[in-house]
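In what follows, a single structure is set out as structure tokens and then discussed.
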Number of protein chains: 2
Amino acid sequence: MSILLRMIPYSLPSSDFAQEKHSLSSWETAVIDLFLNAATSVGLPKSVGQIYGLLFCRDEPLAMDEIMELLSVSKGSASQGLRSLRQLGAVKSQFLPGQRKEHFVAEIRLRKLVSGFLKEQTEPHLEKGKARLNHLQELVDATEDRNSAERGRKRTNVLASWHRQVGKLLPLVKLIVGKTDRSNKR
Amino acid sequence: MSILLRMIPYSLPSSDFAQEKHSLSSWETAVIDLFLNAATSVGLPKSVGQIYGLLFCRDEPLAMDEIMELLSVSKGSASQGLRSLRQLGAVKSQFLPGQRKEHFVAEIRLRKLVSGFLKEQTEPHLEKGKARLNHLQELVDATEDRNSAERGRKRTNVLASWHRQVGKLLPLVKLIVGKTDRSNKR
DNA sequence: CATTTTGTTCATTTTTTCTTGAACAAACAT
DNA sequence: ATGTTTGTTCAAGAAAAAATGAACAAAATG
């Protein structure tokens, strides 16, 4: 078996000879650009959007060097971008038999994408928010001026209420997107 | 009446003599910093967060020059920041009798803040998304390669489905935040 | 174990975004 | 009208964020 595998050169992939592995079709370019915009609009670097967009277009898993070439991005961007995407749960790496390189595919279930994004990007903020509220409480309790302290108490209460409401909202968002997501069975 | 008003110097406000109009208490600084962080985390400039934070702390409407001084930000930042906040529905200007300058107060109903943010920051993206989907459809229809075209069709469908789902989600978010927002009667 | 392949890290450069302040405009007052 | 107050705009500078690529590490190969 190892002999057999060794006989297949890496540069001549067996079955997908007609596959456009080294160029993007025009609709793919458009999709990549769409994700580029979507990414920056939610505060992610554009390379992250591009990489996801490319993988979203393709059926076959891609290796990092293919991504670099197709998108003309640097090694560093590709590596870091893929790391971010993995953390968000937006790409998975898939092992191809006989291939050394790691290959990547896009997660296309909206529910997974949304919940990954929320978990990575907003839950940490909520956590820090809780800490900040406590700190705030202390500062208010330590204020001399009675009027200011009273005002501070009111505002702290408002913030605490907001915090609770947003905390309740996030699980609901996941739930709702999940409910209507037809593709959430593997 | 004009005589009466002219007799009250601007620099000596009548009732609020003990008010710390020209300095921030420590809890206020903390709140401002909290909003600074919140703002940047949703992609708004930090000055916008600071300005909102300051107004959030105060009961009395503030004029632009007071904001500039308390936060040590430039005229330009103050002006543009207030414009953004107005567009988001996060501050309202309030006219004070006998005062020339425009004064500002913060909107503190979460429902209003969220819906303003969604309307200004995400609805436009959804709109553009619709246009992009149409463009994409054309590109796919124009692709020669049958395999690529077929793949393009599948992906376009996925994107269309996502678009629908997010479209349904946004109104629900507003609704949910509204439902539980105790402060949404004026 | 020397070599090649693959992937990560991080200092530097590039790009993008934000802030500043001076020039301008509009409204008001005298 | 003339000067003053108030607010906006925008070119230039400052700051922040992202991309690059060379140096490094880790793993597999022969």
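Lettering follows sequence order; numbering is per chain, from 1.
- At whole-Å resolution of the value, CD1 in Ile67(A) and P in dG7(C) are 10 Å apart.
- The CE-P distance, from Met68(B) to dT19(C), rounds to 14 Å in whole Å.
- Between the Ser79(A) side chain and the Gly76(A) main chain, no donor and acceptor come within less than 3.5 Å of each other.
- The side chain of Ser79(B) approaches dT8(D) more closely than any other nucleotide in the set dC10(C), dT8(D), dT6(D).
- Look at CD on Gln87(A): it is 14 Å from C1' on dT8(C), rounded to the nearest Å.
- Aromatic ring orientation, Phe56(A) versus Phe35(A): tilted (interplanar angle from 30° to 60°).
- Remark: the backbone N or O of Lys101(A) is not paired with any side-chain donor or acceptor of Gln99(A) at under 3.5 angstrom.
- Donor-acceptor pairing under 3.5 Å is recorded for the side chains of Ser161(A) and Gln165(A).
- Phosphate proximity of dT19(C) to Ser47(B): present, with a side-chain N or O under 4.0 Å from OP1 or OP2.
- Distance NE2 (His103(B)) to C1' (dG7(D)): 14 Å, rounded to an integer number of Å.
- Glu102(A) comes within 4.0 angstrom of the backbone, heavy atoms only, and of no base.
- Taking every side-chain heavy atom of Arg83(B) into account, dT9(D) is the closest of dT19(C), dT9(D), dG21(D).
- Here dT20(D) presents its C1' atom at 10 Å from CD of Gln80(A), a figure rounded to the nearest Å.
- Atom CG in Leu44(B) sits about 9 Å away from atom P in dC18(C), given to the nearest Å.
- Just one of Thr29(A), Val73(A), Ile32(A) meets the side-chain contact (heavy atoms from CB on, under 4.5 Å) condition when paired with Leu54(A); it is Ile32(A).
- Distances shown here put a side-chain N or O of Arg86(B) below 4.0 Å from the OP1 or OP2 atom of dT8(D).
- Of the candidates dT29(D), dT8(C), dA29(C), the closest approach to any side-chain atom of Arg100(B) belongs to dA29(C).
- Counting to the nearest Å, the C1' atom of dG7(C) and the CG atom of Leu82(A) are 10 Å from each other.
- Below the 3.5 angstrom threshold, one finds a donor paired with an acceptor across the side chain of Lys75(B) and the base of dG7(D).
- Of all nucleotides listed (dT20(D), dT19(C), dT16(C)), dT16(C) comes nearest to the side chain of Lys46(A).
- For Met64(B) and dG21(C), the CE to C1' distance is 12 Å, given to the nearest whole Å.
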